[in-house]
Number of protein chains: 2
Amino acid sequence: MSSDESSISLLIVDDHPVVRDGLRGMFESAPGFVVLGEAAGGEEALERAAALDPDVILMDLRMPGGGGVAAIAHLTRIGARAKVLVLTTYDTDSDTLPAIEAGATGYLLKDAPRDELFTAVRAAAEGRTVLSPAVASRLVSAVRTPKAHGNEPLSAREREVLALVAKGTSNREIARELFISEATVKTHLTHLYAKLGVKDRAAAVATAYERGILG
Amino acid sequence: MSSDESSISLLIVDDHPVVRDGLRGMFESAPGFVVLGEAAGGEEALERAAALDPDVILMDLRMPGGGGVAAIAHLTRIGARAKVLVLTTYDTDSDTLPAIEAGATGYLLKDAPRDELFTAVRAAAEGRTVLSPAVASRLVSAVRTPKAHGNEPLSAREREVLALVAKGTSNREIARELFISEATVKTHLTHLYAKLGVKDRAAAVATAYERGILG
DNA sequence: GCCGCCATCGACCGATCGGCTGATGTGCCT
DNA sequence: AGGCACATCAGCCGATCGGTCGATGGCGGC
């Protein structure tokens, strides 16, 4: 360890100063933790991590400066000693799986109780995986359905529906346009949501463009 | 005119056979009209138009085979004699303006009464512009707000919101993510919808990708 | 023959969205 | 000083969406 005896050294990464201060205060006032520094973005996080050599990095995923996931992946790639504990606001975050795949040791929600946070950091420092219940349940369902973020091809009908969705067409309009019922349109949508690993039409359109299905 | 005296010759373009049959029957049973042929898509429409030289082309905009708008633009570009009367299902169609800009002589809804259709075709044959009331009102509002389909740049905040929308984030989540209220998120959305000329988040994401704002 | 994928439909429900009206404050440009 | 774009917020409302059951039929592979 880089810090004395049982103390766990931390690097806090979040684009919100308020959050950084909150975390810093929380851990500085608790025994057994040392906050080495802070970073506001992915790149800065990598610099600080290299310079400070923390035991655990508390990291938010969503940062304007850029990829929390990318930073985690980089740390993993270079075999960094630090364990990354993702601290995010919502379990609905679409980057949950990518973050874990990238090498995050744990994934917690910001609204977790203080004690849970402390426990989680200690666990992470020892290399044990820590997941908040909500995230854990999402993970199992993701494993149960590996296609959750996979490349399952869309059927012709599904692509047809998706194309109309991208034009701002409502389900009812799509139904009449395609000579099917609204229920069927919704069925196609639910299916293609699953295949694309998204949860609404906006994200479906985005993913479709990313994969070249549209545009 | 290519047909005898007062008869107006027609080309019917629609991807739905049912619709084509319906239109054909309607016009064949009415005096003063001659249906020269049909086409199921944009390209086929261009071929038939060149071969048959109709007075008026009745064209649906939404066709899987591809661009009704593109076909109209092509006809205009080569200075075709035929007048194009767009016959679509919904006035909400996002291609209304592009179609008219491309050179469509008229724009009608399919649920228009028979007589209105006949009148419209005769008017189109004479080169007079025909718009269904709903479309007309949309047009004036579009003129009143030229940015409706323009390239108004998005503000930084709007792009930020849009990026989250593309990830499937709900308004409430966006609000907390950005430390603003849900009302504000909705305001940003309404504004960027207007700037992009769309009416929902899915279409906004699509347009954003088309214009390189996202991805 | 059975199984899986696809397409089709119905019904219900809560959550969310989008439209509307209107308001406040800030900064920038003229 | 006045105008204008931007960002912020409130409340209300109907329309729409997305989820979750379940069900049918066709088609192709095994």
Side-chain angles (χ1 to χ4, degrees), chain A residues 64 90-92 94 137-138 141 144-148 150-162 164-207, chain B residues 64 90-92 94 137-138 141 145-148 150-207:
Chain A
Y90 297 100
D91 60 315
T92 57
S94 59
S137 66
R138 290 190 68 219
S141 70
R144 208 180 52 81
T145 313
K147 69 192 172 192
N151 285 33
E152 230 61 12
L154 300 187
S155 75
R157 205 51 160 170
E158 286 160 356
R159 279 193 307 270
E160 208 165 352
V161 170
L162 182 54
L164 288 172
V165 164
K167 304 201 77 177
T169 320
S170 77
N171 288 347
R172 183 166 311 161
E173 288 171 332
I174 295 173
R176 302 201 196 166
E177 189 77 23
L178 263 32
F179 291 110
I180 58 183
S181 87
E182 202 175 333
T184 305
V185 174
K186 290 171 67 174
T187 303
H188 288 316
L189 283 176
T190 332
H191 287 163
L192 71 85
Y193 291 160
K195 287 181 178 176
L196 295 177
V198 299
K199 58 190 212 308
D200 65 34
R201 44 180 60 208
V205 169
T207 305
Chain B
Y90 297 99
D91 61 315
T92 57
S94 60
S137 66
R138 290 191 69 221
S141 70
T145 313
K147 67 192 174 194
N151 284 32
E152 231 61 12
L154 300 188
S155 75
R157 203 52 157 171
E158 285 160 357
R159 280 193 307 270
E160 209 166 352
V161 170
L162 182 54
L164 288 173
V165 164
K167 303 201 79 178
T169 319
S170 78
N171 288 348
R172 184 166 310 162
E173 288 171 331
I174 295 172
R176 303 200 198 168
E177 188 79 22
L178 263 32
F179 290 111
I180 58 182
S181 89
E182 202 175 333
T184 306
V185 174
K186 290 171 69 175
T187 303
H188 287 316
L189 283 175
T190 320
H191 287 163
L192 70 85
Y193 291 160
K195 287 182 180 178
L196 295 178
V198 300
K199 57 190 212 309
D200 65 33
R201 44 180 61 209
V205 169
T207 304

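Source: prediction; values computed, not measured.
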**Q** Roughly how many Å is it from CG in A/Leu196 to P in D/dG18, rounded to a whole number?
**A** 13 Å
**Q** Would you indicate, yes or no, if C/dC17 has its OP1 or OP2 atom less than 4.0 angstrom from a side-chain nitrogen or oxygen of A/Arg201?
**A**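 No, outside the criterion.
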**Q** Would B/Arg157 and B/Ile180 satisfy side-chain contact (heavy atoms from CB on, under 4.5 Å), going step by step from the backbone distance to the final call?
**A** CA-CA 11 Å; B/Arg157 203 52 157 171; B/Ile180 58 182; 3.4 Å; yes
**Q** Rounded to the nearest Å, what distance is computed from the CD atom of residue A/Glu173 to the P atom of nucleotide D/dT16?
**A** 8 Å
**Q** Quick check: closest heavy atoms across A/Leu164 and A/Glu177, and the distance to 0.1 Å?
**A** CD1-CG, 4.0 Å
**Q** Counting only side-chain nitrogens and oxygens, does A/Asn171 get under 4.0 Å of the OP1 or OP2 atom of D/dC17?
**A**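 Yes.
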**Q** Rounded to whole angstrom units, what separation is found between the NE2 atom of B/His191 and the C1' atom of C/dG22?
**A**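 Value for this atom pair: 12 Å.
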**Q** Return the nearest nucleotide to the side chain of B/Asp200; candidates are C/dA7, C/dG18, D/dA7.
**A** C/dG18
**Q** Indicate whether OP1 or OP2 belonging to D/dA5 is found under 4.0 Å from a side-chain N or O atom of B/Ser155.
**A**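 No, outside the criterion.
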**Q** Nearest nucleotide by nearest heavy atom, which residue falls closer to the 5' end of DNA chain D, A/Ser170 or B/Lys186?
**A** B/Lys186
**Q** Could you tell me how far apart A/Arg157 (CZ) and C/dT8 (C1') are, to the nearest whole angstrom?
**A**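 Value for this atom pair: 10 Å.
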**Q** Strictly by modelled atom types, are B/Thr184 and B/Ser181 linked by a side-chain donor-acceptor pair under 3.5 Å?
**A** yes
**Q** Shortest non-hydrogen contact from B/Arg201 to B/Ser170?
**A** NH1-CA, 4.4 Å
**Q** Show your working on side-chain contact (heavy atoms from CB on, under 4.5 Å) between A/Val185 and A/Leu178 and close with a plain yes or no.
**A** CA-CA 9 Å; A/Val185 174; A/Leu178 263 32; 5.6 Å; no
**Q** Nearest to the side chain of B/Leu189, heavy atoms from C-beta on, is which of D/dC17, D/dA10, C/dG18?
**A** C/dG18
**Q** Rounding to an integer number of Å, can you tell me how far B/Ile174 CD1 sits from D/dA7 C1'?
**A**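 Answer to the nearest Å: 16 Å.
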**Q** Choosing from C/dC6, C/dT8, D/dA7, which nucleotide comes nearest the side chain of A/Thr187?
**A**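 The nucleotide sitting nearest to the side chain is C/dT8.
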**Q** Establish, with yes or no, whether the OP1 or OP2 oxygen of C/dT8 is under 4.0 angstrom from a side-chain nitrogen or oxygen of A/His188.
**A**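 Yes, such a contact exists.
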**Q** Would one find a side-chain N or O of B/Lys195 under 4.0 angstrom from OP1 or OP2 of D/dC6?
**A**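 Yes, such a contact exists.
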**Q** In terms of the nearest nucleotide of DNA chain C, which residue is placed more toward the 5' end: B/Thr169 or A/Glu158?
**A** A/Glu158
**Q** So, is B/Thr184 close to the D/dC9 phosphate, meaning a side-chain N or O under 4.0 Å from OP1 or OP2?
**A** yes
**Q** What's the NZ-P distance between B/Lys199 and D/dT16, to the nearest Å?
**A**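 Nearest whole value for this atom pair: 10 Å.
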**Q** Just to confirm, is there a sub-4.0 Å distance from OP1 or OP2 of D/dA15 to any side-chain nitrogen or oxygen of A/Arg172?
**A**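 False: A/Arg172 side-chain N/O out of range (4.0 Å or more) of D/dA15 OP1/OP2.
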**Q** C/dA7 C1' sits how many Å from A/Arg159 CZ, rounded?
**A** 14 Å
**Q** Rounding to an integer number of Å, can you tell me how far B/Leu162 CG sits from D/dA7 P?
**A**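 Going from CG in B/Leu162 over to P in D/dA7 covers 13 Å.
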